[in-house]
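What follows is one structure encoded as structure tokens, with my remarks underneath.
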2 protein chains.
Amino acid sequence: MRIGQLAKLVGVDVQTIRFYEREGLLVSPERQQNGYRIYTQQHVERLAFVRRCRMLNLSLAEIGELQGYLDEPHQPCTAVNGMLDGRIAHVRAQINSLQALEKQLVALRTRCSGVHEAADCGILTGISAETR
Amino acid sequence: MRIGQLAKLVGVDVQTIRFYEREGLLVSPERQQNGYRIYTQQHVERLAFVRRCRMLNLSLAEIGELQGYLDEPHQPCTAVNGMLDGRIAHVRAQINSLQALEKQLVALRTRCSGVHEAADCGILTGISAETR
DNA sequence: TCTTTACCCTATAACCATTATAGGGTTTCC
DNA sequence: GGAAACCCTATAATGGTTATAGGGTAAAGA
């Protein structure tokens, strides 16, 4: 199949597929005489794998590492566990800091409820004074 | 004061201060004969304002907009409220999607607890199969 | 056949907010 | 006088796309 079909099938932009190829996440496919890329079922699966990893917020570098395990399955998978643990910790940290941020924003928001001049706006004076 | 002192005082990298100046978020300061930037107390306050806004996850464009209100205080501050509401909604959406992601990651993580070959790793097969 | 439409190609820049690097001048302290 | 610490500009890199420019190819209808 050609790149447009692959893109539609997996739900990825055509540009992004070419980008993944340049980054080494997708094996360079054969080409037709006219230069068009021709993809196989294996490409479909690899691209879908990459997309699922991205949905799990894995970085392209991490995905490349995981592909190493797919390609050489006779290694211990310790690093895979570690990677996931790292991601989970990271996501939890993100959630915590966003929740703290939400509190700050909400508190700031209550300082200006009516419509008045910017000079008196509790939000602006709130930020100017200190927001911590 | 010179740029290094300002940087230390506010807790911003020197490079970042020059960047803010180029972006129009910080008024260009006077220069010494040797070309060194000389900052005043007003610069300190503006830079601190920018930093506090950044800690609230406001974009540089939004910060520029807020500065417009600081500079011309006799406008209604409706847009300030709107901006904050937008941010709050955005942060809440982020938290929700991260919480969903955390669940997925944790579920995936339980699929591989022992150390064995990558070929049998429940994490890799889990991602390959489908993770939704 | 001609033409429109939809597709494909490469190369390069834009997005965002920084951080890094290269290459060079100035000040300060010992 | 020399080294460390500071300052300057300009440019590239980061991450993961998305957009743009400029051009070739293919499948469809008129």
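Convention: sequence-line order gives letters A, B, ...; per-chain numbering from 1.
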Look at the side-chain N and O atoms of B:R37 and state whether any lies under 4.0 Å from the OP1 or OP2 oxygen of D:dC7.
no
Of C:dA20, C:dT10, D:dC7, the nucleotide closest to the side chain of B:V14 is D:dC7
Paired with B:S28, the side-chain hydrogen bond (donor to acceptor under 3.5 Å, both in side chains) test is passed by just one of B:H43, B:E21, B:R37, namely B:E21
Measuring from atom CD of A:Q42 to atom CG of A:L26, what distance do you get when rounded to the nearest 0.5 angstrom?
11.0 Å
Just N and O in the side chain of A:T16: are any of them under 4.0 Å from OP1 or OP2 of D:dT18?
yes
Which one, D:dG16, C:dT19, C:dC9, comes nearest to the side chain of A:R54?
D:dG16
Any side-chain N or O of B:R51 below 4.0 angstrom from OP1/OP2 of C:dA17?
no
Rounded to the nearest 0.5 Å, what separation is found between the CD1 atom of B:I63 and the CZ atom of B:R51?
8.0 Å
Measuring from atom CZ of A:R92 to atom CG of B:L98, what distance do you get when rounded to the nearest 0.5 angstrom?
12.5 Å
Counting side-chain heavy atoms from CB outward, which of C:dA17, C:dC9, D:dA19 is closest to A:I3?
C:dC9
When rounded to whole Å, the CZ to P distance for the pair A:R22 and D:dG16 reads 14 Å
A:E62 atom CD is separated from D:dG15 atom P, nearest whole Å, by 11 Å
Crowded around A:Q32 CD? As in, over 12 foreign heavy atoms under 6.0 Å?
yes
So, is B:R31 near the phosphate of D:dT9, with a side-chain N or O under 4.0 Å from OP1 or OP2?
yes
C:dC8 P sits how many Å from A:Q33 CD, rounded?
16 Å
Could you grab the distance from atom CD1 of B:I88 to atom CG of A:L108, nearest 0.5 Å is fine?
8.0 Å
Could you tell me the separation between the CZ atom of A:F19 and the P atom of D:dA19, rounded to a whole number of Å?
15 Å
Can you tell me how far C1' of C:dT18 sits from CG of B:L25, to the nearest Å?
13 Å
Could you state the CG-P distance from A:D13 to C:dC7, rounded to the nearest angstrom?
13 Å
Starting at CD of B:Q5 and ending at P of C:dT28, how long is that distance when rounded to a whole Å?
11 Å
Specify the separation, in whole Å, of atom CD of A:E21 and atom P of C:dC8.
14 Å
Closest contact, heavy atoms only, A:P29 versus A:I38
CB-O, 3.2 Å
Under 3.5 Å donor-acceptor pair, B:E23 side-chain atoms to C:dA17 base atoms
no
So which protein N/O to nucleotides 23-26 of chain D N/O distances come out below 3.5 Å?
unit_1, atom_1, unit_2, atom_2, d
D:dG24, N2, A:Y36, OH, 3.0
D:dT25, O4', A:Y36, OH, 3.3
D:dT25, O3', A:N34, ND2, 3.4
D:dA26, OP1, A:N34, ND2, 2.7

